[in-house]
Amino acid sequence: MPRYRWRKSSYSGDASNCINVAADGNVIAVRESDEPAVVLATTPAVLRAFIRGAKDGAFDRIQEGRAQSATARREREGEQTARRVRDPRARR
């Protein structure tokens, strides 16, 4: 395993349960501080996409098996509202 120079967020303070990140060329490595032997390696582009998805809510319901982005959820809810407006017989 490469020797990474690990960094943790300044928001972590003295907490021992935080995420560490290291960069080595075009590789971004991520690990949990309480499991330092387990390292996830990815690219900057993939990590950016993951962070964007997390901010958008794409993983909010992943444990329920219904993960979707907040954008997709808003679009679906908007379509349901539009159907109710168009079809007065639709359930409310």
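Hydrogens, waters and symmetry mates play no part in the numbers below; they use all other heavy atoms, side chains included. All residue numbers in this chain count up from 1 along the given sequence.
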Participant: Scan residues 36-58 for pairs that pass ring pair (Phe, Tyr, Trp, His ring centres under 6.0 Å), counting only residues two or more places apart or in two chains.
Facilitator: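 Passing the test, one end in residues 36-58: Phe50-Phe59.
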
Participant: Would you kindly confirm whether Val30 and Val38 end up in one hydrophobic cluster when ILVMFWY residues are joined by side chain heavy atoms under 4.5 Å apart?
Facilitator: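 As far as the 4.5 Å side-chain criterion goes, Val38 and Val30 are not connected within one cluster.
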
Participant: Partners of Arg7 by side-chain contact (heavy atoms from CB on, under 4.5 Å), sequence neighbours excluded?
Facilitator: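 If we apply the side-chain contact (heavy atoms from CB on, under 4.5 Å) test to Arg7, skipping adjacent residues, there are no hits.
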
Participant: Would you name the heavy atoms of Ile28 and Ala23 that are closest together and state the gap between them?
Facilitator: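 Taking every non-hydrogen atom into account, CD1-CB, 4.0 Å.
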
Participant: Over all heavy atoms of both residues, which pair between Pro44 and Asn26 is shortest? Give the atoms and the distance, please.
Facilitator: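 Looks like CD-OD1, 3.4 Å.
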
Participant: Does any non-hydrogen side-chain atom of Ile19 lie less than 4.5 Å from one of Glu32?
Facilitator: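 A side-chain contact under 4.5 Å exists here.
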
Participant: For the residue pair Arg48 and Arg52, establish whether any side-chain heavy-atom pair is separated by less than 4.5 Å.
Facilitator: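 Yes; the side chains approach each other to less than 4.5 Å.
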
Participant: Kindly give the heavy-atom pair with the smallest separation between Ala41 and Val27, and that separation in Å.
Facilitator: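 Looks like CB-CG1, 4.0 Å.
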
